[in-house]
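To start, the structure under review is shown below, and the notes come after it.
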Amino acid sequence: MIFVTGGAGFIGANFVLDWLDLQDEPVLTLDKLTYAGNRDNLASLDQDPRHTLVVGDIGDTALVRALLKLHRPRAILNFAAESHVDRSIYGPADFIQTNIVGTFHLLESVRAYWNELGGKERENFRFLHVSTDEVYGSLAPQDPAFSESTPYAPNSPYSASKAASDHLVRAWHHTYGLPVLTTNCSNNYGPYQFPEKLIPLILHQALADKPLPVYGDGQNVRDWLHVSDHASGIRRVLEAGRVGETYNIGGNSELANLTVVEALCDALDRHRPTAQGSRRRLIQFVTDRPGHDRRYAIDARKIRKELDWQPAHSFASGLEQTVRWYLDHQEWSERVLSGAYRSWLEQNYAERRQEA
Ligand code: NAD
Ligand code: TDX
């Protein structure tokens, strides 16, 4: 059995669904079901005896220790986090609590469990920590992409909290010998992504014929990777990664935000043409994100060479699949957009539009 934290969120859910599509090894999911975690994402596993969902916090030591004792997983994969940069700017407290304090408690629970294992169980055990390229900071246009030896230089409360968690994971390996692996991945897109992140937000807005907010000049660059390619990278690292190592995972797909938003408009126009013409007319430049990192790019040579991993999707094919998924699952977006979320979104963009 593997133990997945944050498995009801975007990447965690895709990982769990792919895992159980490919093999029968059971999965125990622990998720706090914050606004970003949705039972809906794992609803197809409701009757599946290979999957168990427990609602709880990674920082709840009593719960996590009891689960570990009962289920005896061979690996823990830590996806649980507060993950949205804009939210971290307006309210960093939850990010410090879950990403730093929560990871600390999780590491301590896992260390106690691992210390009690013996023989092969102890030798084969892994703690895989899922992290981000944002810990490396921001690149200028001519800079080389982030490699595993790029110094950490986080710029947002979110990335600082993720950087702190990466350091804790590293220290638990060097100090206590915990067999850890860390992955640092670029921007993901795909099914079940909460519509606060760029791609699902733009799709949601455009389908409602509402303004499409592009921060600043729209020339900030992100390196996009389809979520199922991230999941396959994580599986490879879990299977064959060297203990104590970090692996960058990226799609070699650098694009300016404006280019992504235009591609989304064009894809929707093809699938759902409107009488008003191109959806590009909805693009609205709004006040920039404070401290907005200019460019991210991942050098994924290490995972490619060492673990023979590469993405299966091009950005074009991945985006097409993603657009179709959101078109076929509009009721999913409506359901996850609760009243509380809707007011955050409206307030955020009302303020930005006023300032712009
Ligand atoms: P998400 O916000 O969609 O999901 C996070 C999940 O964690 C949710 O289900 C939430 O309920 C759960 N959670 C939050 N706090 C918790 C707690 N204290 N205890 C238990 N569960 C808790 O995030 P995501 O986009 O799926 O990201 C997953 C991981 O991957 C995060 O660690 C993130 O930093 C990392 N990451 C994300 C991206 C990206 O592009 N989205 C890229 C690289 C790395
Ligand atoms: O409305 C928007 N308009 C806009 O121009 C939003 C929501 C975003 N943007 C810009 C900001 C970024 O340059 O688009 C880019 C992507 O924004 P997000 O989707 O918020 O992602 P980002 O800030 O790049 O962080 C994401 O990738 C790395 C994830 O949210 C992180 O969890 C992950 O670690």
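Computed from heavy atoms alone, side chains included, the values below leave out hydrogens, waters and symmetry copies. Fair warning: this is a prediction, and the values are worked out from it, not measured in the lab. When a ligand or atom number is given, it counts from 1 through the structure's own listing order.
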Sub-4.0 Å heavy-atom contact, [X] with ligand 1:
X	result
Thr5	no
Ala8	yes
Gly7	no

May I ask you to identify, for [X], whether its side chain, its backbone, both or neither come under 4.0 Å of ligand 2 on a heavy-atom basis?
X	value
Asn257	side chain
Glu134	side chain
Leu201	side chain

Gly56 heavy atoms within 4.0 Å reach ligand 1 at atoms 19 (N), 20 (C)
So, the side chain of Arg295 versus the backbone of Pro141: is there a donor-acceptor pair under 3.5 Å, distance only? yes
Any idea how Phe315 and Trp224 line up, ring-wise: parallel (<30°), tilted (30 to 60°), or perpendicular (>60°)? tilted
Would you please classify the geometry between the His226 ring and the His313 ring as parallel, tilted or perpendicular, with 30° and 60° separating the classes? parallel
Ring-face cation of Arg122 near Trp114 (centre distance under 6.0 Å, axis angle within 45°): yes
Tyr136-Tyr152 aromatic ring centre distance below 6.0 Å: yes
So which protein heavy atom does atom 3 (O) of ligand 1 come closest to, and at what separation? Phe10 N, 3.1 Å
